[in-house]
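Here's the structure, in structure tokens; my notes come after.
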Amino acid sequence: NYRGQFAAVNGYDAGDEFAAAAAEFAAGAKLARDRTLYTAMFNADVYVYRQQHDRAVELLTDRVARVRESAMDFYRLGRVLQSGGRPAPEWQEALHRAASLLQGRTDPPSLALLALVHTRLGEYKEAAATSARAMAAAPGDARILYATARMHALQRGSDAQALEVLNRAVDKRYELVEILDMDFFNLRTDPAFLAAITRR
């Protein structure tokens with residue numbers, strides 16, 4: 001998956017890499033305690049990179065039907081619908097559902113996720129304010145740093161902020177799953193992104 005993503009954004013054929021990733025993730029799903037969670041976290045993104053958005057949507061729709069109170073899964077569904085070019089009401093419905101599940105929650109991970117939801121909905125002021133609350137509550141938490149970097153990566157003109165926060169996150173804890181998150185896709189061709197995730 002890692003090699004395929006970088007090949008794709010640099011104009012190289014990533015087909016074999018993504019096919020291999022899909023096969024390995026499928027094998028892993030057989031061993032997972034919660035297969036729908038596993039496929040929502042891993043398989044769906046690979047299908048997006050393989051331009052198989054319908055399959056990713058199918059996996060995530062199944063997931064949210066089973067776990068109706070998961071804001072993260074509704075966020076994942078919303079962003080796949082959005083990136084796949086589905087009509088705005090479809091992806092907005094999923095993102096608004098995620099937002100409604102997060103309303104009133106004040107723990108830093110929930111605030112960081114809500115900031116991502118606001119960003120995907122184009123609500124940048126709300127995103128910045130919510131992210132600031134998450135960062136203030138847990139300034140050294142790697143999860144919050146990665147989520148904040150993802151938020152900036154999604155906002156046009158915020159690449160510098162995304163990379164600055166990403167470097168701080170990597171300093172705290174290197175998390176390949178976080179780095180591979182599709183929210184970072186727009187930064188893949190930036191040499192500073194590669195430097196941030198490959199430095200020793």
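Values reported hereafter were calculated over all heavy atoms of this structure, with side chains retained and with hydrogens, waters and symmetry mates removed. Quick caveat: nothing in here was measured; it's all calculated off a predicted structure.
Checked by atom type and distance alone, the side chain of T198 pairs as donor or acceptor with a backbone atom of L194 at under 3.5 Å. For S70 (side chain) and V67 (main-chain N/O), no donor-acceptor pair under 3.5 Å exists by modelled atom type. Counting only distance, with no hydrogens or angles, the side chain of Y2 and the backbone of L176 share no donor-acceptor pair below 3.5 Å. Looking only at distances, no side-chain donor or acceptor of D62 sits under 3.5 Å from a matching main-chain atom of E58. S158 places no side-chain N or O within donor-acceptor distance of the main-chain N or O of Q161, the cut-off being under 3.5 Å. Looking only at distances, a side-chain donor or acceptor of T61 sits under 3.5 Å from a matching main-chain atom of V57. Here the side chain of E17 pairs no donor or acceptor atom with the backbone of A7 at under 3.5 angstrom. In this structure a side-chain-to-backbone donor-acceptor pair under 3.5 Å is missing from R150 to L145.
Here the closest heavy-atom approach between residue R173 and residue R143 is recorded as NH2-CG, 4.0 Å. Across all non-hydrogen atoms, the minimal contact from A65 to R68 is O-NE, 3.6 Å. When all heavy atoms of A134 and P108 are compared, the closest pair comes out as CB-O, 3.7 Å. Between Y124 and T119, the shortest heavy-atom distance links the atoms CE2-O, 3.6 Å. Shown here for Y49 and Q5, the closest heavy-atom pair between the two residues is CE1-NE2, 3.1 Å. The minimum heavy-atom distance linking A56 with A44 is given by the pair CB-O, 3.5 Å.
Using modelled atom types, one finds a donor on one side chain and an acceptor on the other under 3.5 Å when comparing D183 with Y75. Remark: the H118 side chain and the E123 side chain contain an N/O donor-acceptor pair separated by less than 3.5 Å. Using modelled atom types, one finds no donor on one side chain facing an acceptor on the other under 3.5 Å when comparing R66 with T36.
L166 and I144 are members of different hydrophobic clusters when ILVMFWY side chains are connected at heavy-atom separations under 4.5 Å.
With rounding to the nearest 0.5 Å, the separation of OG1 in T130 from CE in M135 is 13.5 Å. Separating the CG atom in L154 from the CD atom in Q82 is a distance of 8.0 Å, to the nearest 0.5 Å. Atom CG of L121 is separated from atom CH2 of W91 by 6.0 Å, given to the nearest 0.5 angstrom. Annotation: the span from I179 atom CD1 to F193 atom CZ amounts to 6.5 Å, rounded to 0.5 Å.
Between Y12 and F6, the gap from one ring centroid to the other reaches at least 6.0 Å.
Residues E164 and R168 are paired through a salt bridge, judged by an N-O separation under 4.0 Å between the basic side chain and the carboxylate. In summary, R76 and D73 engage in a salt bridge, as defined by a charged side-chain N under 4.0 Å from a carboxylate O.
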With salt bridge (Lys or Arg N to Asp or Glu O under 4.0 Å) as the criterion, how do D181 and R79 come out once you've worked through the C-alpha distance, each side chain's angles and the decisive distance to 0.1 Å? CA-CA 11 Å; D181 192 281; R79 71 180 182 178; 2.8 Å; yes

Before you tell me yes or no, could you show the steps for F18 and Y47 under ring pair (Phe, Tyr, Trp, His ring centres under 6.0 Å), namely the whole-Å CA-CA distance, both residues' side-chain angles and the distance that decides it to 0.1 Å? CA-CA 8 Å; F18 285 140; Y47 284 121; over 10 Å; no

Full working for salt bridge (Lys or Arg N to Asp or Glu O under 4.0 Å) between D34 and R63: CA-CA 10 Å; D34 184 338; R63 172 67 181 168; 3.2 Å; yes

Run the numbers on F25 and V46 for side chain to side chain contact (heavy atoms under 4.5 Å, CB included), then give the verdict. CA-CA 9 Å; F25 284 141; V46 175; 3.3 Å; yes

Does H152 form a side chain to side chain contact (heavy atoms under 4.5 Å, CB included) with D159? I'd like the steps, not just the answer. CA-CA 6 Å; H152 286 300; D159 289 1; over 6 Å; no

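Side chains of E69 and R97 form a contact here, defined as non-hydrogen atoms less than 4.5 Å apart.
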